[in-house]
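Down below is the structure, laid out as structure tokens.
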Protein chains: 2
Amino acid sequence: MANIHQVAKYAGVSVATVSRVLNDQGTVTAKTRIKVEDAIKELNYEPSMLGRNLRNSESRILLILIPTISNPFYSEIIKGIETAALKHNYNILLCETDSNPERENIYFDLVRKKMADGIISMDPAVNMETLMKLAEHHSIIQCSEYALDSGIPYVTIDNEDAAYRAVKHLIRIGHEKIALINSDEKFLYARQRKLGYQKALRENGIEVQDNYMFHTQELGFDQGRQAMRKILDLDDRPTAVFTVSDLLAIGALKEIHQHGLLVPNDIAIVGFDKIDFSNMTHPTLTTIAQPMYQMGTIAANMLIDKIKGNEVDSIVLDHELIIRESTSG
Amino acid sequence: MANIHQVAKYAGVSVATVSRVLNDQGTVTAKTRIKVEDAIKELNYEPSMLGRNLRNSESRILLILIPTISNPFYSEIIKGIETAALKHNYNILLCETDSNPERENIYFDLVRKKMADGIISMDPAVNMETLMKLAEHHSIIQCSEYALDSGIPYVTIDNEDAAYRAVKHLIRIGHEKIALINSDEKFLYARQRKLGYQKALRENGIEVQDNYMFHTQELGFDQGRQAMRKILDLDDRPTAVFTVSDLLAIGALKEIHQHGLLVPNDIAIVGFDKIDFSNMTHPTLTTIAQPMYQMGTIAANMLIDKIKGNEVDSIVLDHELIIRESTSG
DNA sequence: TTGAAAGCGCTAACAA
DNA sequence: TTGTTAGCGCTTTCAA
């Protein structure tokens with residue numbers, strides 16, 4: 001594998017000139033440019049990013065911090081990030097923390113050690129203190145989940161309003177006994193969605209009952225089933241359930257079917273995220289659409305902006321209630 | 001941000017000594033080690049991988065080439081890759097080609113330009129010529145999909161046998177009119193699975209009918225629905241369908257429900273991959289389990305071995321038929 | 001328009 | 001055991 005010196009020698013010019021044609025920059029005669037390009041072709045030369053990156057003190061890599069790649073919610077955001085990153089000549093390092101602090105730390109080290117130019121954090125379980133300390137010297141953007149007072153820019157949706165509208169929809173179609181399957185309230189989005197749930201109930205004169213609110217450690221199918229099992233065991237059984245993720249909703253759906261009950265006739269369900277699978281279930285899922293792809297592109301563009309040294313502002317994107325079969329006979 | 005020189009100066013030693021304690025290598029007195037470690041702490045020094053990588057001519061990054069992150073089949077493999085990579089101090093660059101050659105080329109450039117030390121290719125649509133040319137000078141492993149005569153090591157399963165067993169299961173429970181929803185036969189796995197399908201039929205004296213075999217461009221839900229719609233339109237309607245991916249199967253399932261028919265009573269379905277969602281549908285899906293996580297760890301270990309300069313052998317992993325509700329009343 | 005040379009931060013061969 | 005020094009491959013300033 002040739003290096004820049006050999007190309008320079010072969011072309012009969014200096015390395016500086018080779019570098020200039022490589023970067024389409026500076027002033028190079030058409031004649032010398034051709035000499036250099038010929039040499040490059042002849043020697044099969046590929047400029048090494050290792051050298052360039054060291055010289056430029058950049059890696060052109062964006063670190064994406066997610067809890068798990070298994071949740072399609074994140075896959076869709078990642079698609080957006082990747083497309084935007086590519087457009088600016090960045091690439092993405094995928095980092096699944098599995099909510100494991102040790103693993104998280106390995107990934108943080110990558111930016112400390114200059115292997116990544118910035119971070120898009122989507123992990124609700126991220127250690128905020130560490131993240132904030134890191135943000136003092138590095139470019140970081142929060143995506144979807146965030147801490148308001150961290151001073152770290154974020155892109156997200158209005159979780160409270162989204163939950164509010166989901167529950168209001170259930171009330172509008174006649175439900176009064178509405179359960180909530182939430183995730184752990186240590187997460188901001190969980191607290192926000194709970195607020196929206198409660199607000200919708202109160203506004204309609206429905207009492208908020210503690211025994212109608214459930215919490216899960218993760219946002220998966222199994223957790224949805226387990227929570228739904230508890231709900232089905234309730235003496236005064238709810239006629240509708242609002243879950244904070246489609247995966248939870250799909251688990252709940254399964255459990256309801258298992259008990260020989262029907263959705264939405266016996267129990268209506270609303271999910272959250274509008275992942276692809278929410279349209280594949282039977283019945284299809286009413287859910288809150290988050291603009292995931294857009295969230296990804298925006299987060300990436302914000303990060304790249306920040307890396308450039310620009311000020312960037314946080315942004316709250318629109319969501320949308322998608323009414324489907326699980327709430328309408 | 002301090003560099004190694006400043007640490008050396010602060011500690012009153014040479015940069016070589018700092019490098020030695022950094023890499024836990026060479027011979028350093030406990031006393032000097034402590035001096036250096038103190039300096040590191042004092043200056044908040046973090047060694048730059050940019051410098052180290054240039055010096056060592058390595059990036060410690062593994063490039064993962066997948067068609068799309070949306071298919072959970074790949075997510076699970078990626079989990080395996082990431083875990084194995086991390087164990088060896090490698091990180092993974094996620095590259096979705098979307099079966100777009102232009103995008104593929106951008107990613108190939110990353111290894112040409114030393115930004116990645118090797119590739120795990122899982123894209124069935126990969127340009128084999130380019131891949132083989134690249135393999136002359138770079139470490140590459142094929143995962144799941146492969147070209148036998150490429151000379152590039154692979155890890156996969158026995159697709160023909162897997163399909164054979166899936167169809168045989170359908171025959172055993174009494175089906176004779178069995179349709180196939182396959183993907184494009186330009187892919188090796190599609191040809192192999194078709195062979196298995198045909199073999200099972202022939203062995204049991206069932207005629208292979210061309211009008212029972214369908215092809216789709218992608219392995220998704222929508223393609224499954226469309227194919228199933230055609231099957232339902234058939235004059236002599238099959239009583240069972242073997243699909244080459246769970247996503248296709250889920251689409252087929254949906255379409256069958258839509259027509260007011262029941263699975264498995266009216267039509268039985270077998271999927272392929274055992275993605276998490278195959279257990280969330282109603283009914284749950286009979287499917288072929290691929291050891292995805294294991295495939296990921298093995299592929300990563302093979303690649304790391306290859307980067308080290310070792311010979312690595314291709315490997316065929318076991319699969320398993322998982323019988324669930326979609327084939328058993 | 002081009003070239004010489006310094007230097008990005010690190011490792012390792014060699015010398016002391 | 002430690003230090004000196006030569007690069008790894010590139011970009012960029014300065015001078016010609």
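Letters A, B, ... mirror the listed sequences (proteins, then strands); counts begin at 1. What you see is a predicted model; the values in this text were computed from it and never measured.
The residue B:Leu50 sits apart from the nucleic acid: no heavy atom pair falls under 4.0 Å. Among the protein residues, B:Thr27 comes within range of the nucleic acid bases, having at least one heavy atom under 4.0 Å from a base atom. Among the heavy atoms of the strands, none lies under 4.0 Å from B:Val18. Using a 4.0 Å heavy-atom distance criterion, B:Asn53 is classed as making no nucleic acid contact. B:Gln25 comes within 4.0 angstrom of sugar-phosphate atoms only, judged by non-hydrogen atoms across all strands, and of no base.
Summary of the strand contacts: B:Gly51 and B:Val28 both lie near DNA chain D, and taking for each the nucleotide with the nearest heavy atom, the more 5' one is attributed to B:Val28.
Relative to the side chain of A:Thr32, the nucleotides C:dG9, C:dT1, D:dC8 differ in distance, and C:dT1 lies closest. With C:dT11, C:dC8, C:dT1 as the choices, the nucleotide that has an atom nearest any side-chain atom of A:Leu54 turns out to be C:dC8. Proximity note for A:Asn56 (side chain, C-beta onward) versus D:dT11, D:dC8, C:dT11: the nearest is D:dT11.
Rounded to an integer number of Å, the gap from CD of B:Glu58 to P of D:dG9 is 14 Å. Whole-Å rounding puts the B:Lys9 NZ to D:dT2 C1' distance at 19 Å. Distance CG (A:Leu22) to P (D:dT11): 6 Å, rounded to an integer number of Å. Note: NZ (B:Lys35) to P (D:dT1) measures 14 Å, nearest angstrom. With rounding to whole Å, A:Asp24 atom CG is found 14 Å from D:dT12 atom P. To the nearest angstrom, C1' of C:dG9 lies 8 Å from NZ of A:Lys114. Atom-to-atom, CZ of B:Arg112 to C1' of D:dC10 comes out at 20 Å; the value is rounded to the nearest Å. Note: CE (A:Met49) to C1' (D:dC10) measures 11 Å, nearest angstrom.
Ion pairing between A:Asp38 and A:Lys41 fails under the 4.0 Å rule for side-chain N and carboxylate O. Between B:Asp24 and B:Arg33, at least one side-chain nitrogen of the basic residue sits less than 4.0 Å from a carboxylate oxygen of the acidic one, meeting the salt-bridge criterion.
A:Tyr189 and A:Ser144 form no side-chain donor-acceptor contact under 3.5 Å, judged by distance and modelled atom types alone. Between B:Thr68 and A:Lys79, the side chains place a donor N or O and an acceptor N or O closer than 3.5 Å (distance only, hydrogens not considered).
Of the inter-residue distances, the one linking B:Met128 atom CE with B:Gln142 atom CD reads 4.0 Å to the nearest 0.5 angstrom. Rounding to the nearest 0.5 Å gives a distance of 5.5 Å between OG1 of A:Thr156 and CE of A:Met295. Taking SG of B:Cys95 as the start and CG of B:Leu110 as the end, the distance is 6.0 Å to the nearest 0.5 Å.
Distances shown here put every side-chain N or O of A:Ser19 at or beyond 4.0 Å from the OP1 or OP2 atom of D:dT12. Phosphate proximity of C:dG9 to B:Arg52: absent, as no side-chain N or O sits under 4.0 Å from OP1 or OP2.
Heavy-atom contacts from other residues, nucleotides or ligands closer than 6.0 Å to CD of A:Gln25 number more than 12.
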List, with names and distances, any nitrogen or oxygen atoms from the protein found under 3.5 Å away from nitrogen or oxygen atoms belonging to nucleotides 4-7 of chain D.
| residue | atom | partner | partner atom | Å |
| --- | --- | --- | --- | --- |
| D:dG7 | N2 | B:Arg55 | NH1 | 3.0 |
| D:dG7 | N3 | B:Arg55 | NH1 | 3.4 |

